[in-house]
Visitor: 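Handing you this structure, nothing more for now.
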Protein chains: 2
Amino acid sequence: MHKKDEYMLRDLSEVELLELADLFKMFADSTRIKILYDLFDGEKNVTEICEDIEMNQSAVSHQLKALKTAKLIRSRREGKSIKYSLDDDHVKTIIAMGKEHIEE
Amino acid sequence: MHKKDEYMLRDLSEVELLELADLFKMFADSTRIKILYDLFDGEKNVTEICEDIEMNQSAVSHQLKALKTAKLIRSRREGKSIKYSLDDDHVKTIIAMGKEHIEE
DNA sequence: TGAACATATGATAATATATTCATATGAACA
DNA sequence: TGTTCATATGAATATATTATCATATGTTCA
């Protein structure tokens with residue numbers, strides 16, 4: 001059960017476990033889920049996202065940063081605004097799985 | 001974008017969004033992920049889980065309760081001990097998806 | 001260049017969450 | 001029945017997280 005004094009559960013190391021938990025934290029907040037789900041439609045800028053999910057700009061920007069750090073979304077500048085989009089196909093799958101679970 | 005004054009993002013209601021976030025909260029803590037991952041092997045009692053993940057009994061019991069409330073695990077008594085097991089196939093899929101994401 | 005717009009960020013306060021400790025509950029068996 | 005083993009639970013503390021406010025940064029265009 002151990003490898004070089006580091007906790008390990010089968011093929012999942014302690015580090016990977018923490019990374020997994022951090023990843024799922026991104027889905028563990030309704031504001032962030034709203035943002036991710038909103039981006040299912042495709043690329044949107046911050047203002048659009050704020051309007052869609054009815055949250056203020058600062059809160060949204062903070063969460064966008066968290067999602068970007070987690071590599072779930074990416075951004076690019078277009079003129080004055082910044083366009084955000086999903087950066088990983090797993091996002092849709094993970095949310096879909098969660099949706100199936102709660103619908104049972 | 002609205003339905004009877006209730007926030008709605010396409011086919012996902014505000015209530016469902018909160019349920020989704022609550023579900024993913026279960027995966028957003030390394031102790032709980034360890035427990036879930038430990039149960040990939042099959043049914044285990046509390047003492048075994050504590051040993052496997054190297055956490056004290058009280059902490060594990062508290063988290064088992066949370067996971068059970070979320071319907072991710074189930075339990076049955078067998079003599080003096082209580083056996084826990086996964087209660088949903090989505091658990092494995094969700095963790096697998098997360099694992100793929102962090103491995104990229 | 002400077003005004004207007006879009007987004008990001010730091011600090012703070014409010015809230016939520018996890019672990020620990022002490023103790024309770026419940027089953028088994030001598 | 002009462003002692004032991006296994007698990008659950010309540011309270012308290014410590015820590016993490018989120019939204020808000022104020023302000024900073026960066027872009028466009030007159």
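Each chain gets a letter, A, B and so on, in the order the sequences are listed, and its residues count up from 1.
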Visitor: Any chance you could measure A/H62, atom NE2, to A/T31, atom OG1, to the nearest 0.5 Å?
Guide: 12.0 Å
Visitor: Does A/R32 make a side-chain N or O approach to OP1 or OP2 of D/dT18 shorter than 4.0 Å?
Guide: yes
Visitor: Between B/D41 and B/K44, is there a salt bridge with N-O shorter than 4.0 Å?
Guide: yes
Visitor: Does a side-chain N or O of A/K80 approach OP1 or OP2 of C/dT7 to a distance below 4.0 Å, or not?
Guide: no
Visitor: Specify the separation, in whole Å, of atom CD of A/Q63 and atom P of C/dA8.
Guide: 13 Å
Visitor: In whole Å, I'd like the distance from the CG atom of B/L18 to the C1' atom of D/dT18.
Guide: 14 Å
Visitor: Does a nitrogen or oxygen in the side chain of B/K65 sit under 4.0 Å from OP1 or OP2 of D/dA8?
Guide: no
Visitor: Using heavy atoms to find the nearest nucleotide of DNA chain D for A/E78 and A/N56 separately, return the residue whose nucleotide is more 5′.
Guide: A/N56
Visitor: Which one, D/dA11, D/dA8, C/dT7, comes nearest to the side chain of A/I82?
Guide: C/dT7
Visitor: Would you mind reading off the distance between A/F24 atom CZ and C/dT17 atom C1', rounded to a whole angstrom?
Guide: 19 Å
Visitor: Grab the CG-P distance between A/D29 and C/dT15 for me, whole Å please.
Guide: 16 Å
Visitor: Rounded off to whole Å, could you give me the NZ-to-P distance for the A/K83 and C/dT7 pair?
Guide: 9 Å
Visitor: Suppose we call a contact any N or O donor and acceptor under 3.5 Å apart; does that hold for the side chain of A/Q57 and the base of C/dA6?
Guide: no
Visitor: Is there a donor and acceptor pair closer than 3.5 Å between the side chain of A/S58 and the base of C/dT9?
Guide: yes
Visitor: Please evaluate the base of C/dT20 for a donor-acceptor partner in the side chain of B/H62 within a cut-off of under 3.5 Å?
Guide: yes
Visitor: Could you check how far CG of B/N45 sits from C1' of D/dA8, rounded to whole Å?
Guide: 14 Å
Visitor: Is any side-chain nitrogen or oxygen of A/T31 closer than 4.0 Å to OP1 or OP2 of D/dA19?
Guide: yes
Visitor: Give a yes or no on whether a salt bridge exists between A/E14 and B/K34, defined as a side-chain N under 4.0 angstrom from a carboxylate O.
Guide: yes
Visitor: Could you check how far CD of B/E54 sits from P of C/dT19, rounded to whole Å?
Guide: 14 Å
Visitor: What's the CG-C1' distance between B/L64 and C/dA18, to the nearest Å?
Guide: 14 Å
Visitor: If the cut-off is 4.0 Å, is B/Y84 near the phosphate of D/dA6, judged by side-chain N/O to OP1 or OP2?
Guide: no
Visitor: Following the transitive rule for hydrophobic clusters with a side-chain heavy-atom cut-off under 4.5 Å over Ile, Leu, Val, Met, Phe, Trp and Tyr, establish whether B/I73 and B/F40 coincide in one cluster.
Guide: yes
Visitor: To the nearest 0.5 Å, tell me how far B/M26 CE sits from B/K71 NZ.
Guide: 13.5 Å
Visitor: Could you pick out which residue, A/S81 or B/A59, lies toward the 5' side of DNA chain C when each is mapped onto its nearest nucleotide?
Guide: A/S81
Visitor: Looking at B/T47, does any N or O in its side chain come under 4.0 Å of the phosphate oxygens OP1/OP2 on D/dT7?
Guide: yes
